2 protein chains.
Amino acid sequence: MVMANPKRTKQGNFYLYVDTVVLTVSREKSLEPKARLQVLVMHRPTAPKGKWALPGGLVADSEDLPDTALRIVKRETGITVPKADLFQVGTYGKPNRDSRWRAISVAYVVLISEPETPAPISNSDDARFMSYRRLRDESLLEFDHRTIIRDARRAARRQLEDTPIALKFCDSEFTLTDLRWVYEAFVLDRVDPANFRRKVEQVKDFVRPLDSLITFGSEPGRPARLYTAGKTSELNPPVRFRRKLRPR
Amino acid sequence: MVMANPKRTKQGNFYLYVDTVVLTVSREKSLEPKARLQVLVMHRPTAPKGKWALPGGLVADSEDLPDTALRIVKRETGITVPKADLFQVGTYGKPNRDSRWRAISVAYVVLISEPETPAPISNSDDARFMSYRRLRDESLLEFDHRTIIRDARRAARRQLEDTPIALKFCDSEFTLTDLRWVYEAFVLDRVDPANFRRKVEQVKDFVRPLDSLITFGSEPGRPARLYTAGKTSELNPPVRFRRKLRPR
DNA sequence: GCAAAAGTGTTTCAGATACACCCATGC
DNA sequence: GCATGGGTGTATCTGAAACACTTTTGC
């Protein structure tokens, strides 16, 4: 039911974008917790060499914001992200955040496990996963995208505590060590395996042990039990970590 | 540095609004914690009787989003809100959230203490503070504004834990009971005065006792010490409340 | 004196950490 | 056997809740 609107000409001197922060956690065994988090970035053809940006583009008419996010991520990086897993970080609207014209961006974040190799289709001539740490500390991102990734990590960490999104980083069958690996990436520190196990298992319907299935992997040590995702959409109690105490 | 842009015509089939949730806490002594929170709403001249909306309006060219928020709140309700105290709740962009045309809204929330009496200037023919509880439970709000106020309360509650915004509800000199009154409004329950005192006082530079100044009020009981706001912008440790235990 | 709120002190408890110790596998 | 990670049991610590008790006012 769209009516003609006399005020139509009042607005129009800006663009509304959706920018998306695609996060993944590297499985490189040797990586410290702090170095595991990866962000998907792309290179705009007209940008200077070595300057990267989050995949982002204009909202189309009658397109829901999350639909914009996944359309643009696909176009600019080749990566497919599930719509249901997107959640909002915030909206960035300072008049001069883009020097070319007024751009207002709604930022989303999404967590994925095994990513395909990035392969841009258009509007982009390169795309790759880069270390969150590097992007945060060095000046490799255009616009205010460094602020956006910092806010995105914070938002994601909160979601890890209260929702089962950590499972998005895991395969459909996983060990508790796999899951701990993910939490450590966000906590930026090691977590005691014994305490982690108890903490996770007391959350109602967060994870389900698979009937006596065991991984036979190439790792040393006793094989771990496999789990699948439970059905809860809210972690109760939440999975929080206190600061360490001094060793006793 | 605004350039002509060939893609200009691609966008334009929607409006970008800012909607603002102005919260206050009633000082009516008799009110239970749950009934204290008030939301500023207004009546659009073309809306049905008894249907209210959050103050909201179009973003102007080159106008920062928080500036839009306070301009519109002033215009539609007569209330002045401080720009620095606004913080973002989220962006609502579902294609059919407004039946008239496509509207995308960035929502802000702001906490104020003693409000002036609402007095709309234009775009509105009535404005008032209404009970959060009623607005949440009954269907008095247009569009998805009921969702927005719920999200706003949640966002505000988080801010109460981690930042000193609770002080925005208080005067420049206040007692710890005044401050507790505010927290109770968000926790939706009574809080033990003794424990509250300790919790607040151990936060670094959150509140400062005023040199032996004492309220001589009309209240019964021992007069309370006055405090002023400290300088911290982050509550460390945060002011959290656990669920109650069973009485011993 | 009595009621009521401010403010202090103390016990108790839930939840989390630290860590010792046993288990199951690869080499 | 031995190294290594999986998994269990448990002492200890910490922050917070509960609540008894003292102080200071109004009436």
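Letters A, B, ... mirror the listed sequences (proteins, then strands); counts begin at 1. Keep in mind that this is a model prediction, so the values were computed, not measured.
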Mind running side chain to side chain contact (heavy atoms under 4.5 Å, CB included) on Ile79(B) and Ile112(B) for me, showing each step along the way? CA-CA 10 Å; Ile79(B) 301 283; Ile112(B) 61 175; 4.0 Å; yes

Protein proximity profile, nucleotides 7-14 of chain C - base contact B, sugar-phosphate-only contact S, no contact -, cut-off 4.0 Å on heavy atoms: SBBBBS-S

Rounded to whole Å, how long is the line connecting atom CZ of Arg190(A) with atom P of dA18(C)? 14 Å

Between Gln202(B) and dA16(D), does any side-chain N or O lie under 4.0 Å from OP1 or OP2? yes

Would you kindly compare Gly221(B) and Lys244(B) by the position of their nearest DNA chain D nucleotide and give the one closer to the 5′ end? Lys244(B)

Please report the distance, rounded to the nearest Å, between CH2 in Trp181(B) and P in dA6(C). 12 Å

Look at Asp162(B) together with Arg240(B) and state whether they make a salt bridge at an N to O cut-off of under 4.0 Å. yes

Determine, for Asp205(B) against Arg208(B), whether the closest basic-nitrogen to carboxylate-oxygen distance falls under 4.0 angstrom. yes

If only side-chain N and O atoms of Lys199(A) are considered, is one of them under 4.0 Å from the OP1 or OP2 phosphate oxygen of dT17(C)? yes

For Glu201(A), enumerate each residue passing the side chain to side chain contact (heavy atoms under 4.5 Å, CB included) test, keeping only those at least two apart in sequence or located in another chain. Leu176(A), Arg197(A), Tyr227(A)

Lys NZ or Arg CZ of Lys199(B) over Phe241(B) ring: under 6.0 Å, within 45°: yes

Could you tell me the separation between the CZ atom of Phe196(A) and the P atom of dC19(C), rounded to a whole number of Å? 20 Å

Are Phe87(B) and Tyr108(B) close enough that their ring centers fall under 6.0 Å? no

